[in-house]
Amino acid sequence: MTEAKNPQSSAAELPTQYTPGEVETSLYEGWVERGYFAADAKSDKPPYAVVIPPPNVTGSLHLGHAFEHTLIDALTRRKRMQGYETLWQPGMDHAGIATQNVVERELAKEGLSRHDLGREAFVERVWKWKAESGGQIAGQMRRLGDGVDWSRDRFTMDEGLSRAVQTIFKRLFDDGLIYRAERIINWCPRCLTAISDIEVEYQDDDGELVSIRYGEGEESIVVATTRAETMLGDTAVAVHPDDERYRHLVGKQIVLPLTGRRIPVLADEHVDPEFGTGAVKVTPAHDPNDFEIGRRHDLPMLTVMDEHAVITAHGPFQGLDRMEARSAIVAALRADGRIVAEKRPYVHSVGHCSRCKTTIEPRLSMQWWVKVGPLAQAAGDAVRDGRVAIHPREMESRYFGWVDHLNDWCISRQLWWGHRIPVWHGPDGELVCVGPDEEPPGGEGWTQDTDVLDTWFSSGLWPFSTLGWPEETESLAKFYPNAVMVTGYDILFFWVARMMMFGLYAMDGEIPFRTIALHGMVRDQFGKKMSKSFGNAVDPLEWMDKYGSDAVRFTLARGANPGTDVPIGEDWVQGSRNFANKVWNATRFALMNGATVEGPLPAEAELSTTDRWILSRLNAVVADVDALYDDYQFAKLSDVLFHFAWDEVFDWYVELSKTTFAAGGPAADASRRVLGEVLDVTLRLLHPVIPFVTETLWTTLTGRESLVIADWPAASGFRDAAAEAEIVKLQEVVTEVRRFRADQGLQPGQRVPARVELSGAGLQEHEAALRQLLRLQPEGESFAATASLPVAGATVALDLSGTIDVAAERKRLAKDLAAAEKEKTQAEAKLGNEGFLAKAPEPVVAKIRTRLAKAEEDIVRIGAQLERLPQA
RNA sequence: GGGCGCGUAGCUCAGCGGUAGAGCGCUGCCCUUACAAGGCAGAUGUCGGCGGUUCGAACCCGUCCGCGCCCACCA
């Protein structure tokens with residue numbers, strides 16, 4: 001064996017199996033300590049910035065986070081290797097209502113409510129929770145290998161970001177884009193707060209549609225409702241203006257049952273005469289449509305429920321919960337003979353609080369609003385004019401559909417956990433919006449608004465608030481706009497659209513990021529949604545402990561087709577672990593055989609065909625992977641790397657190199673350098689997705705400091721089509737002979753005397769390797785060919801000493817013959833088709849001709865082989 | 001009611017106009033000195049149905065059936 005340039009001891013350091021364990025943790029801490037992930041705003045390098053979609057501090061990360069982090073980490077690691085000043089901005093979201101609910105549930109276990117503590121103590125308590133949850137999340141991120149700049153860690157409620165919130169609030173307020181108004185809002189009677197339209201989840205519930213007769217005799221009209229309890233607040237009945245049936249009643253007053261109140265019948269365009277009876281009860285204070293009708297007709301707004309959705313209207317129903325009231329009122333109406341029809345069950349769409357699933361109660365309420373018109377217009381335009389690209393493209397329509405038909409955004413929440421609205425109320429109802437450096441108005445009777453802001457208000461500022469805005473920091477100048485926003489399609493409206501609106505507004509029309517790359521949701525191995533209640537949710541830590549972070553990451557990346565959901569099962573993670581182990585062992589082999597990265601690659605003339613083949617393929621793969629990264633095709637690039645590494649490098653190049661190494665000499669030296677090169681580059685290519693195992697192997701292989709700061713491979717442009725074709729041919733010959741051996745029941749290790757004739761295929765160079773791969777002995781003196789296998793112009797004759805299984809061989813050949821004949825028929829049919837010849841492009845026709853020629857050749861060859869077989 | 005998308009090997013999914021693919025699973029042989037978390041060989045599909053366009057369709061068009069998601073003020 002030739003002296004290796006690499007210390008032989010390095011291979012001995014590697015055990016025969018890859019065990020991720022604590023290796024991963026210590027590697028990660030080393031990376032952080034050495035400052036690899038720190039982003040320097042003063043750097044001359046071009047910037048590449050991505051913000052983390054800040055996880056809610058409601059607990060710990062799930063597999064969906066691991067997925068998203070894998071993608072962002074891979075992107076940023078590659079860019080860092082490419083020489084960009086890379087910032088992966090970490091941080092977390094206070095997640096107002098979600099976190100408040102979690103802490104309230106914790107309190108409930110102690111038998112306490114937030115009111116027992118009072119606002120200040122409760123908020124204190126939430127901060128304590130935040131510290132715990134935040135610590136847990138940071139730990140998970142480190143375990144995953146997230147290359148974030150921890151020195152820049154932010155929280156949506158930290159001092160700087162609170163300042164950003166106050167600044168933009170003030171600016172919007174002064175621009176007239178934030179206002180206060182009393183409207184029907186979505187009220188959660190459990191969370192006791194207003195929520196925005198998109199925080200309402202609609203689902204089909206079973207209800208009961210009752211038709212109730214209002215008024216008496218001639219002057220009566222039947223209305224239908226699923227919410228009978230709201231009739232207590234009815235202040236009109238509406239019909240369509242053109243509806244002949246009710247024309248005589250319009251303008252009249254009729255008696256509202258159970259109350260004795262007289263309410264008008266009025267005409268309004270909104271009413272659909274086709275629906276139900278064509279008459280609608282109008283409850284302006286408890287239904288958004290009715291509210292609009294009420295506004296148009298100047299109706300009284302009669303509130304009959306309190307914030308808990310308990311009836312407040314005077315009378316027998318007072319104090320009843322809305323659901324109790326519903327049945328009580330229906331019963332009372334039935335007793336009065338006023339129920340003229342009932343439909344049960346009646347399936348209809350009902351809104352629920354997305355946080356606690358309680359049925360939403362539309363409620364008339366004074367709230368703060370953002371006037372989204374101009375902001376949404378700009379957000380839509382930025383995508384329309386191509387300044388921001390949405391990937392995958394199909395998601396654009398969803399974005400436009402939302403941004404272009406947006407109602408004003410209710411931003412106030414009656415919660416305690418969040419950014420307090422910076423407006424002070426004066427004794428006479430004055431409103432003063434207070435900016436960050438301003439003193440709130442003093443004096444008697446001035447109090448700060450008690451509401452807090454919707455949590456998405458602060459996260460909407462994330463791409464620039466994390467960089468120091470409103471200060472004009474170096475970081476802001478360097479890293480805004482971000483390169484890409486990687487996030488789930490489920491929060492396109494909640495978050496992405498808001499960042500677009502606020503980014504463009506606060507940064508004077510500058511977009512927050514150039515590309516929006518939307519990923520799907522992680523699902524279980526059967527494609528089912530993961531959820532705790534369904535019992536199929538997985539703690540990423542569990543799998544990381546069992547199989548390593550790399551395995552989890554690789555599995556997630558392999559499933560990441562743009563915008564589509566990602567199924568993941570434990571078996572698949574196991575498969576990825578196996579891949580990591582394979583890479584591990586291939587590198588061990590290389591080290592044991594003196595593979596090296598030292599010195600220049602041997603000149604082309606010194607390289608064997610095999611070397612040139614693998615280098616040619618390597619360069620093709622580098623180019624492919626680059627293109628796929630630029631298109632956010634994580635699944636495909638992972639697949640390309642998986643197959644290149646395993647099928648081509650490990651199963652063929654490494655196997656072929658064994659012969660070369662055994663022979664020694666300059667060819668072996670050249671191969672050692674090429675193997676070193678191929679592994680070096682392959683490890684670099686794999687590093688962004690599986691950083692840990694690649695780091696361990698690469699530093700051992702190269703003796704250099706770290707792959708994290710290594711250069712990303714550049715395709716050299718070296719390609720050798722002839723070498724590629726030659727190796728493909730060699731693979732054909734080897735596979736064919738192996739197939740024969742398997743069919744003949746030969747044991748894989750059994751040596752067989754053989755005579756090989758490879759010059760016809762131009763494969764002479766590979767005879768030694770071929771003999772090694774096929775376990776073929778020299779023919780010896782008494783050689784008697786009992787089987788002769790012609791393939792691809794080469795012939796391999798084997799001496800099976802008369803033990804050939806004729807039946808098996810006949811079966812195999814018959815099958816091949818049938819395939820060749822089918823092939824011939826198909827090709828002939830094509831070539832006999834004038835339309836095809838006239839219209840098909842030349843390369844296609846040529847391909848068919850080649851196929852036909854090969855099929856004919858095969859038929860002759862196989863026929864001859866069959867003939868040579870002894871009769872059974 | 002609108003909009004988007006999906007039905008391809010047992011499972012989960014790629015492919016989106018020129019001989020049907022991957023991973024896992026399955027069958028057989030093998031502990032061949034990097035790796036049994038491995039090697040080699042193999043089996044498996046009327047590409048949801050029906051029409052149409054085309055020399056040629058899993059891929060384009062129409063239609064039907066079955067799913068999923070998003071949006072919408074169905075009393």
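First the proteins, then the strands, lettered A, B, ... as listed; each starts at 1. No hydrogens, no waters, no symmetry mates; every other heavy atom, side chains included, goes into these values.
Taking the C1' atom of each, B/C13 and B/G68 are spaced 16 Å apart, rounded to whole Å. B/C29 and B/G17: their P atoms are spaced 44 Å apart (whole Å). B/G25 and B/G10 have their C1' atoms separated by 7 Å, given to the nearest Å. One C1' atom belongs to B/C24, the other to B/U44, and the distance between them is 14 Å to the nearest Å. To the nearest whole angstrom, the two C1' atoms, one in B/G15 and one in B/C60, are 16 Å apart. Comparing B/G48 with B/G38, their P atoms sit 33 Å apart, to the nearest whole Å. Only the C1' atoms considered, B/G5 is 15 Å distant from B/C16, to the nearest whole Å.
Here B/G3 presents its P atom at 15 Å from CZ of A/R398, a figure rounded to the nearest Å. Between A/F634 atom CZ and B/A14 atom C1' there is a gap of 17 Å when expressed in whole angstrom units. Atom CG in A/D204 sits roughly 13 Å away from atom P in B/G1 (whole-Å rounding). In this entry the distance linking CG of A/D571 with C1' of B/C26 reads 14 Å, nearest Å. In this entry the distance linking CG of A/D268 with C1' of B/C73 reads 12 Å, nearest Å. Atom CD in A/E834 sits roughly 16 Å away from atom C1' in B/U54 (whole-Å rounding). At whole-Å resolution of the value, NZ in A/K822 and P in B/A20 are 8 Å apart. A/Y547 places its OH atom 19 Å from the P atom of B/G23, with the value rounded to the nearest Å.
Closest to the side chain of A/E823, out of B/A75, B/U19, B/C35, is B/U19. When distances are taken from the side chain of A/K636 to each of B/A14, B/G18, B/A41, the shortest belongs to B/A14. Of the candidates B/U54, B/C29, B/G15, B/C29 carries the atom nearest the A/Q747 side chain, counting heavy atoms from C-beta on. The side chain of A/P748 has B/C30 as its nearest neighbour among B/C30, B/A34, B/U19. Closest to the side chain of A/V271, from the set B/A75, B/G42, B/C35, is B/A75. Closest to the A/N561 side chain, of the nucleotides B/A41, B/A75, B/A14, is B/A14. Closest to the A/H348 side chain, of the nucleotides B/A75, B/A14, B/C70, is B/A75. The listed nucleotides are B/G18, B/A41, B/C35; the one nearest the side chain of A/R588 is B/C35. In the set B/C55, B/C74, B/G23, B/C74 carries the atom at the smallest distance from any side-chain atom of A/F275. Listed nucleotides B/A34, B/C55, B/A75 differ in distance to A/T225; the shortest reach to its side chain belongs to B/A75.
At least one side-chain nitrogen or oxygen of A/H643 sits closer than 4.0 Å to the OP1 or OP2 atom of B/G23. At the phosphate of B/A34, OP1 or OP2 sits under 4.0 Å from a side-chain N or O atom of A/K658. For B/A75, the OP1/OP2 oxygens have a side-chain nitrogen or oxygen of A/Y346 closer than 4.0 Å. Residue A/K815 places none of its side-chain N or O atoms closer than 4.0 Å to OP1 or OP2 of B/G42. In terms of phosphate contacts, A/R741 brings no side-chain nitrogen or oxygen within less than 4.0 Å of OP1 or OP2 of B/C40.
Aromatic rings from A/F67 and A/H519 are positioned such that their centres are separated by under 6.0 Å.
For the 3.5 Å distance criterion, the side chains of A/Y489 and A/D565 qualify, holding a donor opposite an acceptor. In summary, the side chains of A/D268 and A/H297 do present a donor paired with an acceptor at a separation below 3.5 Å, with no hydrogens or angles considered. Between the side chains of A/K281 and A/T230, at least one donor N or O sits under 3.5 Å from an acceptor N or O. A/D234 and A/Y214 form a side-chain donor-acceptor contact under 3.5 Å, judged by distance and modelled atom types alone.
B/C35 is unpaired under the Watson-Crick or G-U wobble criterion, no partner having all donor-acceptor distances under 3.5 Å. Shown here, B/G51 forms a base pair with B/C61; the pair counts as Watson-Crick or G-U wobble because both key distances fall under 3.5 Å. Look at B/G42: its Watson-Crick or wobble partner, with both distances under 3.5 angstrom, is B/C26. In this structure, B/A9 forms no base pair with any nucleotide, since neither Watson-Crick nor G-U wobble geometry is met with both distances under 3.5 Å. Pairing of B/G1, defined by two Watson-Crick or G-U wobble distances under 3.5 Å, is identified with B/C71.
Residues A/F554 and A/S638 share a closest heavy-atom pair of CZ-O, 3.7 Å.
Looking at A/R577, its side chain comes within 3.5 Å of the base of B/A37 through a donor and an acceptor atom. You won't find any donor-acceptor pair under 3.5 Å spanning the side chain of A/H405 and the base of B/C71, going by distance alone. Remark: the A/Q17 side chain and the B/A34 base include no donor-acceptor N/O pair separated by less than 3.5 Å.
Taking the ring centre of A/F589 as origin, the terminal cationic atom of A/K658 falls inside the region bounded by 6.0 Å and 45° from the ring axis. Cation-pi check for A/R558 over A/F642 is met; the charged atom lies under 6.0 angstrom from the ring centroid and within 45 degrees of its normal.
Panel note: side chain A/D631, backbone A/Q633; no donor-acceptor pair is recorded below 3.5 Å.
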Expected rows: protein N/O vs nucleotides 9-12 of chain B N/O, under 3.5 Å:
none

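A salt bridge is absent between A/K824 and A/E821; no separation between the charged side-chain nitrogens and carboxylate oxygens falls under 4.0 Å.
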